[in-house]
Amino acid sequence: MAATASLFALAALSLLFTGGTTAEGAADTGLSSASLSSDPASSAITDSAGRVQVVVELEGAASGGELDDSATYSALSDRQDNTLEALTKVAGDVVAVGRFSSLPYLTVRVDPDRLEAVEALPDVRSVTPDVAYEPDHTYEPTLDRSAPVIGADQTTAAGFDGRDWAVAIIDSGVDTSHPSLEGRVVAEACFSYTGHCPNGQTEQTGPGSAQPCELDEHHCGHGTHVASIAAGATAETDAGLNPQGVAPQADILAVQVSSTVNDTVTFAGSDVAKALEWVHEQAGSRNVAAANVSLGTELVYDIPCDNRAGATTEAISLLRDLDVPTVVAAGNGNPGAQDRVAMPACISNAISVSASTAGDTLASFTNVADAVSLVAPGEGIRAAWPQSSVVEMTGTSMAAPHVAGGWATLRQVRPADSVGEHLRVLRETAVDVPFGASGALPRIDLGAAHMALGTLNQEPRPPGRPIDVAATAADGSATVSWEAPIWDGGEDIGGYEIRSDDDEIATLVAGPQDREIEVGGLTNGRRYRFTVVAHNEIGTGRSSSRSNVVIPKSPPPPHAFDDVRRDSYFDAAVSWALAEGVTQGTSKARYSPHRDVTRRQMAAFLWRMMDAPEPTESSPFDDVDDDAYYADAVAWLAEEGVTQGRSATSFAPGDPVTRGEMAAFLWRISGALPTEPDHALFDVPPDRFYTEAVAWAARHEITTGTVEGAFEPNQAVKRGQMAAFLHRLASTPSAWDPRLEPPATIAF
């Protein structure tokens with residue numbers, strides 16, 4: 001269970017701010033849902049007086065309203081004023097750093113010893129550290145090489161050059177007089193919490209607002225270089241020819257977010273969030289293709305890290321709602337931190353970008369993770385620099401604008417497609433870059449993406465990779481299914497090969513119209529994964545992503561409980577649970593399906609389902625005896641963040657489990673995949689600890705509610721329902737985070 005345990009840190013959401021995670025039922029008991037760090041100064045910006053800079057989210061303040069709604073602005077401003085007044089009363093020497101115009105947040109500096117008092121205010125939903133970002137690049141002693149690598153020379157030649165669309169560059173400023181960028185910047189803004197906007201203030205909009213900062217040469221040319229990669233034109237400069245960018249006719253929205261602390265240039269997360277908020281406002285009247293953020297933290301995080309970024313997370317989501325992706329550099333300098341990236345690239349709705357070499361290997365410096373969205377060239381990229389210069393630079397900062405510029409060309413030809421649809425095209429037409437022992441990440445191939453959309457004609461190629469590959473196990477066999485590649489390479493697909501990660505299983509072939517195949521000769525109890533590749537007359541295409549794990553098994557024998565009817569909805573689930581050792585029933589002949597499930601029983605069921613892993617410490621709860629049958633279960637669940645108890649010292653083992661609690665437990669144990677709360681259950685409020693979990697369960701049909709349109713989250717779970725919930729989770733591979741190694745009890 002090592003792989004499972006390593007990822008529950010992600011589910012528990014406890015890297016930066018620990019100790020205040022919402023307890024089960026907190027929404028009904030008045031406990032706060034905010035979290036605090038025991039040492040916030042270790043990650044947040046601090047001032048000379050030792051105050052820590054934090055972003056405060058307001059409770060109950062609506063965000064994302066109509067941009068011209070003055071009443072919305074006024075109401076939010078009043079809430080911010082009231083919260084500042086309350087902060088001053090409980091925290092004393094509070095410095096108001098800034099506020100947002102449409103998002104329910106404030107940026108303040110406060111004595112770290114008073115953070116707990118701030119968090120306890122009734123109008124405060126959360127408090128997160130305002131962390132410092134930095135540009136992700138290094139100098140070297142050219143874009144003219146990287147653009148052809150991704151096919152941007154072909155798309156530009158065909159007229160797909162980003163015209164009529166704009167790319168937002170949130171960085172250190174853009175030199176609007178550079179020959180490659182002259183006349184291209186159509187709107188500017190600046191957000192600098194230390195007052196280093198060109199007007200000497202903390203905010204500025206209008207012409208001249210985003211001119212490069214004057215803090216140091218190393219950092220302040222960065223934004224010009226990034227803008228040139230995304231959307232620069234070919235131009236003669238004082239340093240020679242500047243190569244054209246990926247979308248050389250796209251407009252540029254330039255935002256300068258530079259500040260300085262102790263003579264060091266930095267970029268505050270709150271200023272980046274304000275910049276994204278400004279881009280959202282611009283998107284109300286302009287065609288914004290993408291926002292590029294080539295900035296990131298030195299610390300690296302799991303994906304997703306949404307709760308650690310507060311306003312930035314919400315601003316990225318609001319832009320995505322308008323089909324504007326936020327393209328973010330994954331970060332440099334942490335090659336040993338596999339499967340982690342810098343913030344804000346770790347935010348789930350961001351388009352995270354790692355860097356590749358010209359030879360399509362991962363760059364040695366890049367942060368990288370399985371969940372990274374795309375890879376792009378980032379090594380030795382020659383592009384514009386302020387004052388009519390050109391330099392060559394390396395970093396994920398250089399990789400991200402290849403993607404942002406490419407997005408402008410996709411919006412040009414398919415303006416109505418969603419972020420997800422464009423991302424899918426880019427990923428499915430990408431070039432594989434090896435990652436890990438047998439995996440690969442998708443390096444953007446803009447030419448292939450346009451060919452797949454039918455907007456670019458070239459010589460035929462091998463097909464793209466098959467998609468939606470899944471496997472379902474049976475007795476000694478498995479059925480592998482797939483969908484055709486979104487791009488056939490320009491030639492009809494001739495057939496498919498189905499490959500196992502087990503060398504003893506021979507490769508199988510299927511016809512061009514086949515979409516599933518049975519693989520026999522498998523050993524029961526053994527784990528298997530499968531991949532599928534397509535071929536046409538040109539050659540064999542890219543391998544699909546690996547399927548879910550499958551474990552062939554003999555069908556479970558029927559149970560012998562006389563109180564479980566053979567036609568009940570939980571009959572098969574009880575047989576499965578008995579065969580896998582998840583339950584033994586309340587006696588040899590009775591399962592008691594209509595009896596309430598207690599919290600101690602729940603702990604034991606979940607723990608056994610996850611293969612009964614050994615906890616490293618005893619239970620933290622005073623009401624759980626060390627010799628209780630459920631003691632190890634509770635200790636492990638608490639250790640992995642699946643349960644926080646009814647309080648810090650009480651687990652309440654004899655209390656019944658509510659349906660809302662059960663949804664939360666199952667969601668966390670499967671990896672807590674981010675899920676939009678788009679269910680149709682009228683009795684699930686939008687702000688409960690179980691809201692996202694119920695949406696996840698409904699999406700994967702782990703629950704369909706009790707009656708039409710209702711979930712009844714406060715009702716106790718019955719033992720029959722519990723068996724059904726667990727069995728459905730064990731039978732649904734899509735409900736699990738694919739990075740987790742599922743337990744041996746799975747039924748798929």
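Val55 approaches Tyr105 most closely through the heavy-atom pair CG1-CD2, 3.6 Å. Shown here for Ser373 and Pro442, the closest heavy-atom pair between the two residues is O-CG, 3.5 Å. Here the shortest heavy-atom pairing between Leu426 and Ala449 reads CD2-CB, 4.0 Å. Summarising the geometry of Ser317 relative to Asn349, their closest heavy-atom pair is OG-ND2, 3.1 Å, with the distance given to 0.1 Å. Contact record, Asp175 with Pro212: N-CG, 3.6 Å, taken as the closest heavy-atom pair. The minimum heavy-atom distance between Val341 and Ala369, with the atom names listed, is CG1-CB, 4.3 Å.
Between the side chain of Ser388 and the backbone N or O of Asp238, at least one donor-acceptor pair lies under 3.5 Å. No side-chain donor-acceptor contact under 3.5 Å links Gln412 to the backbone of Trp165. A donor-acceptor pair under 3.5 Å is absent between the side-chain atoms of Arg411 and the main chain of His422, judged by distance alone. The closest donor-acceptor contact from the side chain of Thr266 to the backbone of Ser259 lies at 3.5 Å or more, if one exists at all. Not one N or O on the side chain of His535 forms a donor-acceptor pair closer than 3.5 Å with the backbone of Pro462. With Ser389 contributing its side chain and Pro386 its backbone, the two residues share no donor-acceptor pair below 3.5 Å. Judged by distance alone, with hydrogens and angles left aside, the side-chain atoms of Ser544 form no donor-acceptor pair with the main-chain N or O of Pro466 at under 3.5 Å. Judged purely by atom type and a 3.5 angstrom limit, Thr409 has no side-chain atom pairing as donor or acceptor with the backbone of Gly162. Of the possible donor and acceptor atoms, none in the side chain of Asp306 sits under 3.5 Å from a partner among the backbone N and O of Thr313. Ser180 places no side-chain N or O within donor-acceptor distance of the main-chain N or O of Gly232, the cut-off being under 3.5 Å.
Using a 4.5 Å heavy-atom threshold, the side chains of Thr234 and Leu241 count as touching. Looking at Arg340 and Asn367, their side chains never come closer than 4.5 Å, going by heavy atoms from C-beta outward. Looking at Thr202 and Val97, their side chains never come closer than 4.5 Å, going by heavy atoms from C-beta outward. Side-chain contact check for Pro415 versus Asn287: every heavy-atom pair is 4.5 Å or farther apart. In this structure the side chain of Asp171 reaches within 4.5 angstrom of the side chain of Leu295, judged on heavy atoms. Ile316 is listed as a side-chain neighbour of Thr312, based on a closest heavy-atom distance under 4.5 Å. Taking 4.5 Å as the limit, every side-chain heavy atom of Gln211 sits out of range of all side-chain heavy atoms of Thr176. Counting heavy atoms from C-beta on, the side chains of Arg382 and Val390 come closer than 4.5 Å.
Distance check: Ile381 CD1 to Ser397 OG gives 11.5 Å after rounding to the nearest 0.5 Å. Rounded to the nearest 0.5 angstrom, Glu188 CD and Gln256 CD are separated by 10.5 Å. Remark: Ser418 OG to Asp321 CG distance equals 11.5 Å, nearest 0.5 Å. Between the CE atom in Met343 and the CD atom in Glu298 there is a gap of 13.0 Å [rounded to 0.5 Å]. The distance from the CD atom of Glu379 to the CG atom of Leu362 is 11.0 Å, given to the nearest 0.5 Å. For the atom pair OG (Ser209) and CH2 (Trp278), the distance works out to 8.0 Å, reported to the nearest 0.5 Å.
A salt bridge is defined here as a Lys NZ or Arg NE, NH1 or NH2 lying under 4.0 Å from an Asp or Glu carboxylate O, and Lys274 with Glu203 meets this definition. Using a 4.0 Å cut-off between charged nitrogen and carboxylate oxygen, Arg424 and Asp468 count as a salt-bridge pair. Using a cutoff of 4.0 Å between basic side-chain nitrogens and carboxylate oxygens, Arg542 and Asp445 are not scored as salt-bridged.
Between Phe160 and His450, the two ring planes are parallel [angle under 30°; tilted spans 30° to 60°].
Asp323 meets the salt bridge (charged side-chain N to carboxylate O under 4.0 Å, His left out) test with no other residue; sequence neighbours excluded. Residues satisfying the side chain to side chain donor-acceptor pair (under 3.5 Å) test with His196, not counting sequence neighbours, are Thr194.
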Under the side chain to side chain donor-acceptor pair (under 3.5 Å) rule, what do His402 and Ser146 come out as? Steps first, then yes or no, please.
CA-CA 9 Å; His402 283 82; Ser146 64; 2.8 Å; yes

Evaluate the side chain to side chain donor-acceptor pair (under 3.5 Å) criterion for residues Ser102 and Glu281: first the C-alpha distance (whole Å), next the side-chain angles of each, then the deciding distance (0.1 Å), finally the verdict.
CA-CA 9 Å; Ser102 61; Glu281 294 170 1; 4.8 Å; no

